[in-house]
Structures are given as C-alpha cells and as structure tokens.
Amino acid sequence: MTILIDNPLWPAHGRLWAHLVSDSDLAELHAFAHANGIPRRAFDLDHYDVPDEAHPRLIAAGATHVEGRELVRRLIASGLRVTARERRSIH
C-alpha cells in the first residue's frame, strides 16, 4: 500500500492544490491524512485536496511524489477512482 501525492498545480481559493490518494485502500488514506493534520472536509470521494504548503511535509511523512498522470493511472488501477459521471451523480 502506498500513499501518493502529485504536484500542487490546481488553483483554487488563492493557492495551488495537490491530490493525495492511496493506491489500494481508503482506510489507509484516511489514517495518513488524519495523522498529518489534513481535515476530513478535504476528502473528495477518492482523494484529498491538499494545499501547496503541505506538500513537502506530506512527502517527508511518507507520501510518494508522482506526476499527475501516474497518480490517476494508479488510482484507476486500484479500483478506487470515482469517475466524473459517478461524481456528478453523487454531488
């Protein structure tokens, strides 16, 4: 099991954001986020949105940095990916 983080490239609320995911287990993802001070409200169905200033701290805590395409590929392979269609029906 691995926690993955991509580059903080996504602008919102005056800052850049990265995505934090697990390649196999949402319970592992929630535990990692909780242990590292990421609030549950940052969870969006299959990932956490994390601000750019948290990026180095999360890598130091054990998250593996990958490029965005690799993160999505591994999230899809894990079976945890929530598609855009599923996301629209949930929200």
Side-chain angles (χ1 to χ4, degrees):
M1 295 186 279
T2 304
I3 299 296
L4 306 169
I5 190 167
D6 64 359
N7 294 316
L9 300 174
W10 309 98
H13 312 290
R15 61 191 346 167
L16 295 175
W17 298 80
H19 302 108
L20 187 72
V21 306
S22 170
D23 70 351
S24 63
D25 183 15
L26 287 180
E28 172 195 37
L29 176 62
H30 292 309
F32 183 88
H34 178 76
N36 288 284
I38 305 300
R40 185 65 178 241
R41 70 180 178 274
F43 183 67
D44 187 15
L45 304 177
D46 60 4
H47 70 277
Y48 280 84
D49 293 316
V50 296
D52 57 351
E53 66 269 8
H55 195 264
R57 177 173 55 83
L58 294 170
I59 292 172
T64 300
H65 177 258
V66 295
E67 296 298 321
R69 288 180 187 219
E70 177 68 10
L71 182 137
V72 172
R73 186 188 70 72
R74 290 177 63 182
L75 184 59
I76 290 168
S78 75
L80 299 174
R81 175 73 168 139
V82 176
T83 66
R85 178 179 291 188
E86 293 167 331
R87 193 173 297 280
R88 284 191 301 274
S89 71
I90 294 169
H91 286 299

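Both backbone and side-chain heavy atoms feed into the values below; hydrogens, waters and symmetry mates do not. One-based numbering along the sequence shown.
Under the 4.5 Å side-chain criterion, counting only non-hydrogen atoms from C-beta, His19 is not in contact with Ile5. The shortest side-chain heavy-atom distance between Arg57 and Val50 does not fall under the 4.5 Å cut-off.
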Could you list the donor-acceptor pairs under 3.5 angstrom formed between side-chain atoms of residues 61-69 and any protein atom two or more places apart in sequence or on another chain?
residue	atom	partner	partner atom	Å
His65	NE2	Asn7	OD1	2.5
Glu67	OE1	Asn7	ND2	3.1

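Between the side chain of Asp52 and the backbone N or O of Pro8 there is no donor-acceptor pair closer than 3.5 Å. Using modelled atom types, one side-chain atom of Asp23 and one backbone atom of Thr2 make a donor-acceptor pair closer than 3.5 Å.
Leu58 contributes atom CG, which lies 10.0 Å from atom CD of Glu53 (distance to the nearest 0.5 angstrom). For the atom pair CZ (Arg81) and CZ (Arg73), the distance works out to 14.0 Å, reported to the nearest 0.5 Å. In this structure, Leu45 CG and Leu80 CG are separated by 12.0 Å, a value rounded to the nearest 0.5 Å. Atoms CG and CD1, from Leu4 and Ile59 in turn, are 11.0 Å apart once rounded to the nearest 0.5 Å. In this structure, His55 NE2 and Trp17 CH2 are separated by 13.5 Å, a value rounded to the nearest 0.5 Å. Note that the CG atom of Leu20 and the CG atom of Asn36 stand 8.5 Å from one another [nearest 0.5 Å].
Shortest non-hydrogen contact noted between Ser22 and Asp25 is OG-N, 2.9 Å. Between Ser24 and Ser78 the shortest heavy-atom distance is N-CB, 4.1 Å.
Under the 30°/60° scheme for interplanar angles, the aromatic rings of Tyr48 and His30 are found to stand perpendicular.
If you chain together hydrophobic residues whose side chains sit under 4.5 Å apart, Leu71 and Leu26 fall into the same group.
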message = Could you walk me through whether Leu16 and Leu9 satisfy the side chain to side chain contact (heavy atoms under 4.5 Å, CB included) test, starting with their C-alpha distance in whole Å, then the side-chain angles of each, then the deciding distance to 0.1 Å, before giving a yes or no?
response = CA-CA 6 Å; Leu16 295 175; Leu9 300 174; 5.8 Å; no
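Under the salt bridge (charged side-chain N to carboxylate O under 4.0 Å, His left out) criterion, Glu28 pairs with no residue at all, not counting sequence neighbours.
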